[in-house]
Amino acid sequence: MAPTIESVNQGNGGFEGNNKRSDRFVKATWKNKLTALVVDNGELCRVLERENLRAYGVETVAVETGEAAVELIASGSTFNLIFIDMYLPTMSGPEAVRQIRAMGARSKIIGLTAFITEKDEQDFFAAGIDEFFEKPLDPDWFVPIIREVDNQI
């Protein structure tokens, strides 16, 4: 069965009053249970990334640091997708990716950032990311990635 994505009208999104929030939400159905790890030290970005993925039916865990991501993988946690910010405190995104790959993680890893130089992007790819995108998460690029991963399981 192919994955489907359908728009669902949710009225005012459960909010009362004069809320101008969009009335459109997305309901996704995938062939497999999909999991993602979001690694971002910006609280707002982390929450938005996590909730965007959850809105598309991806079970998502979010952490603030590269160290926390490495510890999760080292403890045996597995994820189909990892979305990781380039600029993290203490351990950079590329260093976390290197360590995660060294542990044998086969997740599809997506590097993210709002600001990046060409050298930074090259370093991120050299560390082991599969794809790179600028923030914010955009369904135009992340839904095809989810679909690709779903079809590979």
Side-chain angles (χ1 to χ4, degrees), residues 3 5 7 10 13-15 19-22 24-30 32-153:
I5 299 174
S7 294
Q10 296 287 330
F15 293 93
N19 190 317
K20 300 295 182 196
R21 185 172 171 193
S22 170
R24 309 294 285 181
F25 291 88
V26 174
K27 179 181 177 184
T29 305
W30 307 106
N32 301 286
K33 176 185 166 195
L34 300 175
T35 59
L37 172 62
V38 168
V39 187
D40 200 312
N41 65 309
E43 183 177 6
L44 180 59
C45 289
R46 190 172 57 252
V47 168
L48 290 172
E49 291 159 6
R50 182 188 68 214
E51 295 307 315
N52 266 311
L53 290 164
R54 285 181 178 173
Y56 281 87
V58 179
E59 187 177 299
T60 306
V61 173
V63 297
E64 187 174 346
T65 66
E67 291 91 341
V70 169
E71 288 173 14
L72 269 174
I73 301 302
S75 73
S77 295
T78 60
F79 301 93
N80 303 108
L81 295 154
I82 299 174
F83 293 83
I84 186 164
D85 189 26
M86 173 83 183
Y87 302 106
L88 297 169
T90 316
M91 180 186 295
S92 70
E95 180 56 32
V97 170
R98 271 190 280 287
Q99 290 188 30
I100 289 168
R101 288 291 191 215
M103 288 185 268
R106 301 175 66 101
S107 308
K108 179 141 186 133
I109 301 180
I110 313 304
L112 299 171
T113 195
F115 308 101
I116 194 164
T117 67
E118 188 175 321
K119 182 187 179 320
D120 288 340
E121 186 174 352
Q122 291 169 353
D123 290 346
F124 221 165
F125 275 105
I129 64 169
D130 297 297
E131 303 207 32
F132 171 79
F133 292 95
E134 289 187 31
K135 292 179 186 181
L137 284 185
D138 184 336
D140 287 344
W141 62 258
F142 79 74
V143 170
I145 290 171
I146 294 170
R147 185 175 292 119
E148 173 190 332
V149 169
D150 187 42
N151 287 329
Q152 290 176 354
I153 298 175

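In what follows, every heavy atom counts, from backbone to side chain, and hydrogens, waters and symmetry copies are set aside. Every value quoted in this text rests on a predicted model; they were computed, and no experiment measured them.
- Summarising the geometry of Asp40 relative to Arg46, their closest heavy-atom pair is O-NH1, 2.7 Å, with the distance given to 0.1 Å.
- Put simply, CG on Leu34 and CD1 on Ile145 are 12.5 Å apart, with the number rounded to the nearest 0.5 Å.
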(request) Determine, stepwise, if the pair Leu137 / Leu112 fulfils side chain to side chain contact (heavy atoms under 4.5 Å, CB included). (result) CA-CA 9 Å; Leu137 284 185; Leu112 299 171; 4.1 Å; yes

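- Contact detail for Glu67 and Thr90: the closest heavy-atom pair is OE2-CG2, 2.7 Å.
- The line from CG of Leu44 to CG of Leu48 is 4.5 Å long, rounded to the nearest 0.5 Å.
- Met86 is not listed as a side-chain neighbour of Glu121, based on a closest heavy-atom distance of 4.5 Å or more.
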(request) Decide yes or no on side chain to side chain contact (heavy atoms under 4.5 Å, CB included) for Ile109 and Phe83, but give the supporting numbers first. (result) CA-CA 6 Å; Ile109 301 180; Phe83 293 83; over 6 Å; no

(message) Quick one, Met103 with Val70, criterion side chain to side chain contact (heavy atoms under 4.5 Å, CB included). Give me CA distance, side-chain angles, the key distance, then yes/no.
(response) CA-CA 9 Å; Met103 288 185 268; Val70 169; 3.6 Å; yes

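- In this structure, Gln122 CD and Lys119 NZ are separated by 8.0 Å, a value rounded to the nearest 0.5 Å.
- No donor-acceptor pair closer than 3.5 Å links the side chain of Asp150 to the backbone N or O of Ile146.
- Taking the side chain as every heavy atom from C-beta outward, Lys108 and Gln152 never approach each other to under 4.5 Å.
- Listed here is the closest heavy atom pair of Gly93 and Ile84: O-CD1, 3.8 Å.
- The side-chain heavy atoms of Lys135 and Glu49, taken from C-beta on, include a pair separated by under 4.5 Å.
- Listed by first and then second residue, the ring-ring contact (aromatic ring centres under 6.0 Å, His included) pairs that reach into residues 109-146 are Tyr56-Phe142, Phe133-Trp141, sequence neighbours excluded.
- Proximity of a side-chain donor or acceptor of Thr113 to a complementary backbone N or O of Ile116 within less than 3.5 Å is not detected.
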(request) Carefully, step by step, assess Ile110 and Ile129 under the rule side chain to side chain contact (heavy atoms under 4.5 Å, CB included). (result) CA-CA 6 Å; Ile110 313 304; Ile129 64 169; over 6 Å; no

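- Proximity of Asp85 to Val39: side-chain heavy atoms (C-beta onward) are nowhere separated by under 4.5 Å.
- For the pair Val149/Leu81, a side-chain contact is recorded, criterion being any heavy-atom separation below 4.5 Å from C-beta on.
- In this structure, CZ on Arg50 lies 12.5 Å from CD on Glu59, to the nearest 0.5 angstrom.
- Residues Asp130 and Ser107 share a closest heavy-atom pair of OD2-O, 3.5 Å.
- Here the rule is side-chain contact (heavy atoms from CB on, under 4.5 Å) with Thr35, and of Asn80, Thr60, Ile82, Val61 only Asn80 fits it.
- Considering every non-hydrogen atom in both Asn41 and Leu88, the closest pair reads N-CD2, 3.6 Å.
- Heavy atoms from other residues, nucleotides or ligands lying under 6.0 Å from CD of Glu118 number 12 at most.
- Across all non-hydrogen atoms, the minimal contact from Val97 to Ala127 is CG1-O, 3.4 Å.
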